[in-house]
Structures are given as C-alpha cells and as structure tokens.
2 protein chains.
Amino acid sequence: MMDARIDEIRKQLTAKGYKLTAQREETVKVLLENEDNHLTTEEIYMIVKNRVAEIGIATVYRTLELLKELHVIEKVNFGDGVYRFDLRRKNQPHFHHHLICTECGAVQEILEDWLLLLEKRVEREFGFTVEDHRLDFQGVCHSCKLNQKSEKCKAVS
Amino acid sequence: MMDARIDEIRKQLTAKGYKLTAQREETVKVLLENEDNHLTTEEIYMIVKNRVAEIGIATVYRTLELLKELHVIEKVNFGDGVYRFDLRRKNQPHFHHHLICTECGAVQEILEDWLLLLEKRVEREFGFTVEDHRLDFQGVCHSCKLNQKSEKCKAVS
DNA sequence: TTACTTAATTATAATTATTATCATTAAATA
DNA sequence: TATTTAATGATAATAATTATAATTAAGTAA
C-alpha cells in the first residue's frame, strides 16, 4: 500500500535524475504516515531523527523543497506563523480544500473538488487559465459547536 | 474619499482603546494608496520612512498586527516566501479572491463573493460554520497568454 | 576491482524575518 | 502642572531558512 506510493515517488525522482536516498525515503514515509496531519519542517525532522538518527535538518529542508517541486506535497500556511506540508492526493490534479477551526485549531480536508464550475467562470470572465487553486474555510467545527452547547447547558442548570 | 476611510479606521481603533498616532496614520495611508498592490512589511516600512523618517520597523510590525486584529487588513501568503498585506474591502464580510499568474506574478482580485453556495454546503455536509474563507487560483493570466501567442507567431514567421 | 565523477549529506556559518526588551517620548487625564 | 499610561525607537534576542564547504555515498568507466 504505502510501498506502492513510495515506488511511485522513487520513479518521479529518478525520472528527473534524483535518487531516493535513505534520508529521503524516511522523510517520505513520515509524510505518508501523517497524511492527515500537516506537519512542520521541524516536526518532520524530529520524527525522522528519532528513527534513523543519521539526518541533518538541512536535508529535511532540501527534501521537502524537492518533493514540492515534484508536486508530491504542498507547502501550506494556515496563518499561525509556520509552514506546514500536506500530501497531494493521487489522481487529484488540483489541491484539496481545508476547514480550519478557529476554536480548536483542527484542520479537516475536503478531498472532492468543489471548484470546477468556478474555474470555468474564471476562464470565461477573466481569460485566466487555472492550473491549481487553494481554498480554505475558517470557522467553527462541528465538535466545537457541540461543546459550546453543552457549556451553555451547564451554565443554565 | 481616503480621509473618510481613515476616519473610519480611527473610530475602530478608539473603540478598542487605541490611538491613531502619526506613524499609524501614515502606515494606513500607504496601505490605502496601494490597495491593489500587496506590499510586504519591509516595503511598507520603506515608503513610510521616506515620508516621515520618524518611524522604526518595529512600529510597522506592531501597526500591521493591530490592523489585522481589527480586520482592516489581511496577512496573505502567495507562496513566494514573504508575507504581504491586503486591505479588506468595505461591506465585505469575507475576504476577496485572487488570481495569481505563475508566469508574470501579477495578482488580480475578484471582489465579488463567489463562495456563498459552497459555504452553505460546508455547513450542511460538515456541520462547520464558516466565518471567513481564502480562495486563490494559480494559473496563466490573459495578457501572458496573449504574449505567448505572439511569441509563437514570431517563431512561425 | 579500482579510479573517477557526481550527487547527496552533515555540520555549521550566515542571513533574514520577526519578536522581545527597555529606556524615552507623547498623549491623555486628574 | 503633575501624573499615569500608551506608543515608539533602537537594539538585542530568537527563530526559520539558506549558503558553504568538507565529507560520504553511489554510480560509472576502465
């Protein structure tokens, strides 16, 4: 399962003359295992270091930059001051959407592409050919709203 | 015109116990005059400094942070490594959209809100209450496409 | 296998962006 | 006018990222 994905990435790398070194492979594994997580460079470095020890943070920076160029991952910024990395999904030409909870910080993903119609409109109205997009919603997630309700109930009783 | 906008911002500041000092006013003016520009902190600092001289960069950082909290401006990141600041438009509860050209770097704004339907869908399908959103399209703008065509014509002739 | 060539790595220095500190100034208030 | 508080400027400290240079690993040709 994960091995297939790694092989695929290896092919993408070799196609461009790069190698999948042990350090790069471990970094990719961490990304795959944390597909839903949105880790920072520092976090990725710490996890890889705990496993193989033989890695410097500069290599992590370089590997992430490389994977970004290959469109394997995307560098995202949810406005909390740090960059995070997010795997692109298979067979999804465009980047997925996010629901960012301003209460608890949770980030949920919408993998379905909701922007096809709007992209046609952009082409029609602005003569702009869309290659990719970024759509994030900020707001209050379901579970935070439930918690707020139960807080209110406590206050009333 | 601009004065009205500044007065409005002054009121927003005083309502929260802040003052519109000379430094803050100049910073706001620069933002208003560059409504379509997306300046970085450094750029804003240089412009203000050339006018009043009496400002330190720390004050610019502080002022921009303050204006962000008041929802006067938004801190944006188009993926080129620097943060930029973008004025929120009047009577627009949600942030406007961007068309970012990957060829020439031009950033065009869509001031109309195209996401109302999708936000209802987010509420319905995920129980997530949207407070704000961020929508950017990356691609090739109209004028870059025209240029590419004329390049081809030259090559053929 | 051995020598050679190149890519990739590590450790660390340098750079850049941002934030924190603190003495000073300006403004508001009593 | 004296007092209090907010805001500023200069600069130190911190954090994130990039650049550098020596070393290692891997691939290739003789």
Side-chain angles (χ1 to χ4, degrees), chain A residues 6 9-30 38-70 72-85, chain B residues 6 9-30 38-70 72-85:
Chain A
I6 292 174
I9 292 166
R10 174 182 285 117
K11 275 173 203 155
Q12 282 184 268
L13 282 163
T14 50
K16 296 222 169 189
Y18 300 113
K19 301 165 197 168
L20 185 68
T21 62
Q23 291 91 337
R24 286 177 182 164
E25 187 167 345
E26 278 306 319
T27 305
V28 167
K29 273 187 191 166
V30 169
H38 308 97
L39 302 176
T40 64
T41 308
E42 194 72 27
E43 286 166 349
I44 294 164
Y45 168 63
M46 294 309 282
I47 297 171
V48 176
K49 200 179 174 62
N50 277 339
R51 290 198 197 162
V52 296
E54 284 301 304
I55 195 164
I57 195 161
T59 300
V60 178
Y61 273 102
R62 277 183 300 238
T63 301
L64 293 172
E65 185 61 34
L66 190 57
L67 293 172
K68 200 187 83 177
E69 272 159 34
L70 295 174
V72 171
I73 57 173
E74 195 65 23
K75 194 174 185 177
V76 296
N77 191 292
F78 295 135
D80 59 348
V82 279
Y83 287 107
R84 297 169 179 282
F85 292 89
Chain B
I6 293 174
I9 292 167
R10 174 183 285 116
K11 275 174 202 155
Q12 282 183 268
L13 281 163
T14 49
K16 296 222 171 188
Y18 300 112
K19 301 164 198 169
L20 185 67
T21 62
Q23 291 91 337
R24 285 177 183 167
E25 187 167 343
E26 279 305 320
T27 305
V28 167
K29 274 186 190 165
V30 169
H38 309 97
L39 302 176
T40 64
T41 308
E42 195 71 26
E43 287 166 349
I44 294 164
Y45 168 66
M46 294 310 281
I47 298 172
V48 176
K49 198 178 177 65
N50 278 339
R51 290 197 197 163
V52 297
E54 284 300 304
I55 195 164
I57 196 162
T59 301
V60 178
Y61 273 102
R62 278 183 298 233
T63 301
L64 293 172
E65 184 62 33
L66 191 56
L67 293 172
K68 201 187 82 174
E69 272 162 33
L70 295 174
V72 171
I73 57 175
E74 195 67 21
K75 194 175 186 177
V76 296
N77 191 292
F78 295 134
D80 58 348
V82 282
Y83 286 106
R84 298 168 179 282
F85 292 89

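What you see is a predicted model, and the numbers here were worked out from it, not measured in a lab. Note on naming: letters A, B, ... go to the chains in the order of the sequence lines (proteins, then strands), and numbering restarts at 1 for each one.
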field: Spacing between A:L13 atom CG and C:dA7 atom P, to the nearest angstrom
entry: 15 Å
field: Verdict with reasoning, A:E25 to A:R10, per salt bridge (charged side-chain N to carboxylate O under 4.0 Å, His left out)
entry: CA-CA 9 Å; A:E25 187 167 345; A:R10 174 182 285 117; 3.7 Å; yes
- prompt: Is A:T21 near enough to C:dA8 that one of its side-chain N or O atoms lies under 4.0 angstrom from OP1 or OP2?
  reply: no
query: Over how many whole Å does the gap from B:K19 atom NZ to D:dA7 atom P extend?
result: 5 Å
query: Picking from D:dA7, D:dG27, D:dG9, which would you name as closest to the side chain of B:Y18?
result: D:dA7
- prompt: B:Y45 and B:I55: which non-hydrogen atoms are nearest, and at how many Å?
  reply: CE1-O, 3.7 Å
field: Distance, rounded to the nearest Å, where A:L20 contributes CG and D:dA26 contributes C1'
entry: 14 Å
- prompt: Please give, in whole Å, the distance from D:dA10 C1' to B:E54 CD?
  reply: 12 Å
task: Please check the phosphate of D:dG9 (OP1 and OP2 only) for any side-chain N or O of B:Q23 closer than 4.0 Å.
output: yes
Atom pair distance, as rounded to whole Å: OH in B:Y45 and C1' in C:dT16: 15 Å
- prompt: In whole angstroms, how far is the C1' atom of C:dA17 from the CG atom of A:N77?
  reply: 14 Å
query: Going 5' to 3' along nucleotides 14-20 of chain D, which nucleotides have protein heavy atoms under 4.0 Å from the base (write B), which only from the sugar-phosphate (write S), and which from neither (write -)?
result: --SBBB-
- prompt: Where is the tightest heavy-atom contact between B:V48 and B:E26, given as atom of each residue plus distance?
  reply: CG1-CB, 3.9 Å
- prompt: Would a distance-only check, ignoring hydrogens and angles, find a side-chain to backbone donor-acceptor pair under 3.5 Å from B:E43 to B:T40?
  reply: yes
message: Closer than 3.5 angstrom, by distance alone: can the side chain of B:R24 be matched with the main-chain N or O of B:K19 as a donor-acceptor pair?
response: yes
query: Between atom CZ in B:R10 and atom P in C:dA27, what is the gap in whole Å?
result: 13 Å
- prompt: Can any side-chain N or O of A:T14 pair as donor or acceptor with the backbone N or O of A:G17 at less than 3.5 Å?
  reply: no
